[in-house]
Amino acid sequence: MKKSNNNIHPIFDRIVSRKEQERLLNQKGTVLWFTGLSGSGKSTIAEALERKLYNQGYFVKVLDGDNIRSGINKNLGFSLADRKENVRRIAEVAKLFLDSGTIVLCSFVSPTIEIRELAKEIIGTNDFKEIFVDTPLTICEKRDVKGLYKKARAGEIKGFTGIDSPFEAPINPALVLKTENITIADCSNEAAKLIEA
Ligand code: ADP
C-alpha cells in the first residue's frame, strides 16, 4: 500500500467543523476507550454508560468488538497484524464520529500497548481516554460469557488473549475499573465522570 498519494486533496477545512457540530449538539465530543480481557466487562459497561448518557440527552455512539468484526472488519482475523489493522480502522472511525461532536464509547480487547498507542495517535491524545477494565483472568474465565475460554483451553481457538496471546495492561490509564468489586452501575458512573459537561 502506498503511504501518500499526491492526487488526494482532503477538504477537512471546508466542511462543518467539530466546534460547530459540538455547538449544535451542546456537548463536547470525546472517545472513551475500554480495554481488557474478553469477558472483563467492556461491552456491559459501555452499554450501561451509553443508556445513562442517552437518557441525559447526550449523543453517543458505541463501537464494539463483535459488531465491528461482523461488518467493516469482517475480513480480519486475530493475528497481531490483523488485530493492529482492526484497531487502526476502529480508531479512524472513532475519529470521524469525534469530528461530528459525538461521545464515542469503544470497547475492544486491544491487547497491546503498541496497539492502543496507535489508537491514541489517530484519535489524538486529548480526546483518547483509556479505561482499563481490570478483571482477573480467573474471573473472566469463570464468567466465560461466550464460551470462548473453554474452547481456547481445549485448543479449539488458537491465539486467545490471556491464554496463548498476550494482554499488556495500560501503564497510565485515565481510569481503572475492578469489576469484581463494584457493580455495573458504579462502573458506568465512574466512567461518566470522564465526560465533560
Ligand atoms: P467484554 O465486553 O469485556 O468481553 P462482557 O461485557 O461481554 O465482556 O461480559 C462481562 C460479563 O461480566 C457480563 O456477563 C456482566 O454481566 C458480568 N459482570 C459482572 N460484574 C460486572 C461489572 N461490575 N462490570 C461489568 N460486567 C460485569
Side-chain angles (χ1 to χ4, degrees), residues 30-55 60-74 76-80 82-84 86-87 89-91 93-94 97 103-113 115-116 118-120 123 128-154 156-171 173-195:
T30 194
V31 177
L32 302 195
W33 190 280
F34 295 88
T35 176
L37 293 169
S38 175
S40 59
K42 303 178 297 294
S43 305
T44 304
I45 298 165
E47 278 166 41
L49 179 58
E50 180 196 35
R51 187 58 62 182
K52 176 186 163 75
L53 293 171
Y54 171 82
N55 288 339
V60 191
K61 182 71 191 162
V62 169
L63 302 179
D64 190 82
D66 285 0
N67 289 4
I68 296 287
R69 280 188 178 276
S70 65
I72 190 173
N73 285 357
K74 69 162 93 168
L76 298 177
F78 290 87
S79 67
L80 269 181
D82 275 9
R83 285 172 189 260
K84 199 167 165 183
N86 183 46
V87 166
R89 287 184 204 168
I90 289 158
V93 170
F97 277 104
I103 294 165
V104 195
L105 309 180
C106 295
S107 60
F108 299 95
V109 174
S110 43
T112 66
I113 290 168
I115 279 177
R116 294 188 302 270
L118 174 66
K120 180 160 90 177
I123 289 162
F128 178 88
K129 303 195 175 105
E130 193 175 37
I131 300 176
F132 180 23
V133 184
D134 184 10
T135 309
L137 176 65
T138 47
I139 293 185
C140 295
E141 198 165 354
K142 204 150 93 198
R143 290 178 183 165
D144 209 2
V145 189
K146 302 174 196 158
L148 299 178
Y149 284 98
K150 197 163 167 229
K151 285 189 187 165
R153 290 290 185 200
E156 290 165 30
I157 303 176
K158 298 268 181 261
F160 195 71
T161 305
I163 306 291
D164 56 352
S165 184
F167 180 83
E168 298 169 358
I171 292 164
L175 179 66
V176 179
L177 295 172
K178 304 243 179 213
T179 70
E180 80 267 44
N181 302 327
I182 54 173
T183 64
I184 294 165
D186 285 343
C187 288
S188 76
N189 287 339
E190 283 302 309
K193 290 180 189 164
L194 297 177
I195 290 165

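Just so you know, these numbers come straight off a predicted model, no measurement behind them. Read the numbers this way: they start at 1 and go in the same order the structure lists the ligands and their atoms.
In this structure Phe167 satisfies the ring pair (Phe, Tyr, Trp, His ring centres under 6.0 Å) test together with Phe132, sequence neighbours excluded. Looking at residues two or more places apart in sequence or on another chain, you find a side chain to side chain contact (heavy atoms under 4.5 Å, CB included) between Ala192 and Leu49, Lys52. Scanning for ring pair (Phe, Tyr, Trp, His ring centres under 6.0 Å) contacts around Phe97 gives an empty result, with sequence neighbours left out.
In this model, no donor atom of one side chain and acceptor atom of the other lie less than 3.5 Å apart for Lys146 and Ser38. With no hydrogens or angles considered, no side-chain donor-acceptor pair links Ser188 and Arg51 at under 3.5 Å.
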Checking Phe160 against Tyr149 for the ring pair (Phe, Tyr, Trp, His ring centres under 6.0 Å) test, could you report, in this order, the C-alpha distance in whole Å, the side-chain angles of both residues, the deciding distance, and whether it holds? CA-CA 8 Å; Phe160 195 71; Tyr149 284 98; 5.0 Å; yes

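For ligand 1, the 4.0 Å heavy-atom shell takes in Leu37, Ser38, Gly39, Ser40, Gly41, Lys42, Ser43, Thr44, Ile45, Arg143, Val145, Thr179, Ile182, Thr183, Ile184, Cys187, ordered by chain and residue number.
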